[in-house]
*Asks:* 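Take this structure first; my questions come after.
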Amino acid sequence: MTVNTASARPESPYPPYDPLAVERKWQARWIERGTNHVDVRAAKRPYYQLMMFPYPSAEGLHVGNLYAFTGNDIHGRWHRMQGYDVLEPFGYDAFGIHSENFALKQGIHPGTLIPRNIANFRRQVDRAGLMIDWRHQVDTTDPAYYKWTQWVFTTLFKRGLVYRKGGAVNWCPNDKTVLANEQVEGGKCERCGAVVEQRVMEQWYFKISDYSEQLLKDLDEIDWSDSTKIAQRNWIGKSEGARITFRVLDPLGAAGMAAVSVTSEMSSSEYAIPVFTTRPDTIYGATFLVVAPEHPLLDAITTDEERASVRAYQERAKKQDLVTRKTSKEKTGAFTGAYAANPATGKPIPIWTADYVLMEYGTGAIMAVPGHDQRDFDFAKQYGLPIERVVAASGDTARTPLTSAYEDNENGTLVNSEQFSGLSVAVAKKRIVEALAPVHAEAKANYRLHDWCVSRQRYWGPPIPMVHCAKCGPQPVPDDQLPVLLPHIDDFKPDDSGVSPLARHKDWYETKCPKCGADARRETDVSDTFLDSAWYFLRYPSVPDQSAPFDAALTKKWLPVDSYIGGNEHAVLHLLYCRFVTRVLHEAGLISFWSPFKRFRAHGLIIREGAKMSKSKGNVVNPDEYFDTTGADAFRTYLMFIGPFEEGGDFRDSGISGVRRFLDRLWASVQVATKNGEPDRDVMRKLHQTIKKVSEDIPRLSYNTAIAMMMEYINVLRRGERAPHRAEVEPLVQLVAPFAPHVAEELWELLGYTKSIFDSGWPAYDARLVAAETIELVVQINGKTRGSVTVAPDVSQDDAFAAARAHATVGKFITGEPKKLILVRGRLLNVVL
RNA sequence: GCGGGGAUGGCGAAACUGGUAGACGCAAGGGACUUAAAAUCCCUUGGGGGUAACCCCAUCCGGGUUCGAGUCCCGGUCCCCGCACCA
């Protein structure tokens, strides 16, 4: 018979595949039956399948979100079919500047806007057919959630990991807020384009830098995507080197080693400037010292003659935003008039200030070695400072002139370095530090990782749970007074004051000191959104219980997260903060594990028709359109089919028809399947090969090849004019289920089952059936493929050669006795003549 | 500059620890069905040569290792993504 499918022809023997009706039916039935519920307390084989929760934008679910969610859902559904109790929760990262700016633009309060967006997201997530147990939902803007975000803050505070510091920050005069360096592009605010300024502000910081080494070491132990681990390593940025201290000399320099006269509070000691360097071996080439314009000693060491120009230079540096300053290659600076002694030579070298030295890295001061550092070289050229060679490449002599810095850190021999001349760079590094130690030098590692600034001068975030008391200093809000509710205010627009809009509400910020009871003032800044998301995975299993941030028994049972899937755009900050918070809570004895996720995999990026998707280009995929036309099942399956999940792919509208046809054929095959007769041998072999392939591919997220194999199978199944046997289609429906859950449920019901297909287990394959009876053995002559012979899989080398020689087209290439025969079992025979 | 990933038909892509390059899908062309179109079904489809059986060339470029290289090694080009005056 000829199988007709989706056509609405009246004579069609079965109903056409109507994805919309099927999806509506099963979405309703899953709710009705509680199919997606997991009993978190009774679960026997808990499996925590987590995806990164989205920011609920007004535009609705982005196809990039859906891509991640679908990949995650397939993994979760598959585990469920393996017999696990799978918790696949969903939540919303709904605080933050995104929501707030959008609210300002629309003139709607974020408190009104966010619930609306969340409702829309929920609707879309349900239409996508995700296996969400909504009883374990999280919303970061819900006081029942951020109560515990505040608790995380005070817990860190009590452990001495939170402090206040004034520092230079990027300030957007338009958004009226502090920006992270990542939010500044080319000196402008990435969001509004306003030119960013530098401001000094008091902010709250988390001491994540105390954990630099620990967080670096932990990376060796965890099963995460390599790309993510590498990004984190780079971000932590460990460099090994030395801290070397330079003594500041009398302003005249030539007058010898006498200390500079100093101000009252520091009068007893000489000034000394420590520097960090990765090249202690080049100290003989250190011809000057440079300190950052913000260096605390700069003012004190500057001579009266130079004071005016140094001040002017500092002013100038301040006006620049931090990013431009960091990226412009132009070298500028000013001489302080002071000199320091090079601890290796004892000779005086001038001290300069320049903005190419950053206060926030190392000690904010460097020893400049223009011969071996290009930046120092450029600076020396600019100001006519001496350049000396202290490392020679092979072929160079001590006097070979330098036209640019020779920076090679591995090869080369020291020259012009007194008793160290002749040593290799590697050996000299050690010896010189030893020789200068302990007074002038010590070996030291430095990290790029900075402390985490958690203050935001905005409205739409959890208030930082601190109270400022004139007598007691900053005090954490006691646990029993949490949450500090974010008040509903209408004037939430930030202004120029540099403080949060909350600071305009006296009735809110006036409070009593929790320690002494005196009048005190609440902290009016809110915390960074990244704090909301740094611990949310701990909360899910325990929702809705409110007696603790996370229930001890449930946490023991469900955490750490078994599988976490998300985008690499969060490779650094979010995932690093999760590790940090988990580490700290572990040290506090609150959780037994130190790593939040057993396994993390980064998914790829979806582009469209070869181009990045963006609102301005108008090429954004709106999932609703596809849900309405081709159905969620085909859409999901297509998303997974376009490329390797971990690499992403190119979304093309034309491609969806392929998977839709596949589902149509599946539908048709099951409709006409019969119980009569016997299943076909070859079809069953292919089926078992397919089960094997899909079972291997899903856990490694090779969804595209799993789908391809199922397509191959359906092509085999539909060959010829026979109706398929039920035994040939039933397992296929199960294989398809994680990808296209609605249609699989429908067909499963059609096959006579009353329970959900997701509780039907997973088909097993028969290894004996997978193996073929005969194989096509490829024959190569001198490595060149000439054809193939049909033989038994375990054919001997001699028999294979005999078959090859007897073969019509292959045989004629065998002109003499072979020098060598290479038989690769099941693959090929190479005849070397 | 540093770090990561990549380059395979007209297109998205397959190819397990080196073993028939292009599975699967899209698009295109042809055919069946139809009054017609759509849908569906069947066939063809990397390039070149040959009536044909077949043969030659082909995985960014140039070398190398190997019986055999898309895959491994050395050198180079181009593209994408991070980070970036980090001493």
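Letters A, B, ... are given to chains in the order of the sequence lines, protein chains preceding strands, and every chain is numbered from 1. Note that the structure is a prediction, hence the values are computed from the model and not measured.
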*Asks:* Is the shortest heavy-atom distance from the side chain of A:V831 to the side chain of A:V810 under 4.5 Å?
*Replies:*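 A:V831 vs A:V810: side chains apart.
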*Asks:* List for me each residue that meets side-chain hydrogen bond (donor to acceptor under 3.5 Å, both in side chains) alongside A:S227, sequence neighbours excluded, and say none if there are none.
*Replies:* A:N568
*Asks:* Rounded to whole Å, please give me the gap between CD in A:Q232 and P in B:C81.
*Replies:*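 To the nearest whole Å, that distance equals 21 Å.
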*Asks:* Can you name the side-chain contact (heavy atoms from CB on, under 4.5 Å) partners of A:T278, sequence neighbours left out?
*Replies:*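 Per chain and number, A:T278 pairs via side-chain contact (heavy atoms from CB on, under 4.5 Å) with A:S239, A:F276.
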*Asks:* Who does B:A13 pair with, Watson-Crick or G-U, both distances under 3.5 Å?
*Replies:*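 Base partner found: none.
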*Asks:* With both distances under 3.5 Å as the test, what is the Watson-Crick or G-U wobble partner of B:U71?
*Replies:*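 Matched B:U71 with nothing under the 3.5 Å cut-off.
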*Asks:* Side-chain donor or acceptor of A:K819 under 3.5 Å from a matching atom on the base of B:C67?
*Replies:* no
*Asks:* Are the aromatic rings of A:F530 and A:W452 close, with centres under 6.0 Å apart?
*Replies:* no
*Asks:* Is a donor-acceptor pair below 3.5 Å formed from side chain A:Q780 to base B:G19, judging by atom type as modelled?
*Replies:* yes
*Asks:* Which nucleotide, if any, forms a Watson-Crick or G-U wobble pair with B:C78, using both distances under 3.5 Å?
*Replies:*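 With both distances under 3.5 Å, B:C78 matches B:G6.
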*Asks:* Just jot down the salt bridge (charged side-chain N to carboxylate O under 4.0 Å, His left out) partners of A:R316, sequence neighbours excluded, or say none.
*Replies:* none
*Asks:* So does A:R786 get a side-chain nitrogen or oxygen closer than 4.0 Å to the phosphate oxygens (OP1/OP2) of B:C56?
*Replies:* yes
*Asks:* Using whole Å, what does the distance between atom P of nucleotide B:C11 and atom CD of A:E609 come to?
*Replies:*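 So the CD-P distance, A:E609 to B:C11, works out to 14 Å.
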*Asks:* Can you name the residues that form a side-chain hydrogen bond (donor to acceptor under 3.5 Å, both in side chains) with A:N446, not counting sequence neighbours?
*Replies:*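 side-chain hydrogen bond (donor to acceptor under 3.5 Å, both in side chains) list for A:N446, sorted by chain: empty.
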*Asks:* Can you name the side-chain contact (heavy atoms from CB on, under 4.5 Å) partners of A:N715, sequence neighbours left out?
*Replies:*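 Partners of A:N715 by the side-chain contact (heavy atoms from CB on, under 4.5 Å) criterion, ordered by chain and then number, come out as A:R665.
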*Asks:* Paired with B:C41: which nucleotide, if any, by Watson-Crick or G-U wobble criteria at under 3.5 Å for both distances?
*Replies:*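 Because both required distances fall under 3.5 Å, B:C41 counts as paired with B:G31.
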*Asks:* Return a single string for nucleotides 22-30 of chain B, one symbol per nucleotide in 5' to 3' order, where B is base contact, S is sugar-phosphate-only contact and - is none, cutoff 4.0 angstrom on heavy atoms.
*Replies:* -BBSSS---
*Asks:* Round to a whole Å and report the spacing from CD1 of A:I230 to P of B:G82.
*Replies:* 16 Å
*Asks:* With a 3.5 angstrom cut-off on both distances, give the Watson-Crick or G-U wobble partner of B:A53, or none if there isn't one.
*Replies:*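 Pair assignment: B:A53 / none.
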*Asks:* For A:R719 and B:C43, what is the distance between atoms CZ and C1' respectively, to the nearest whole Å?
*Replies:*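 A:R719 atom CZ is separated from B:C43 atom C1' by 15 Å.
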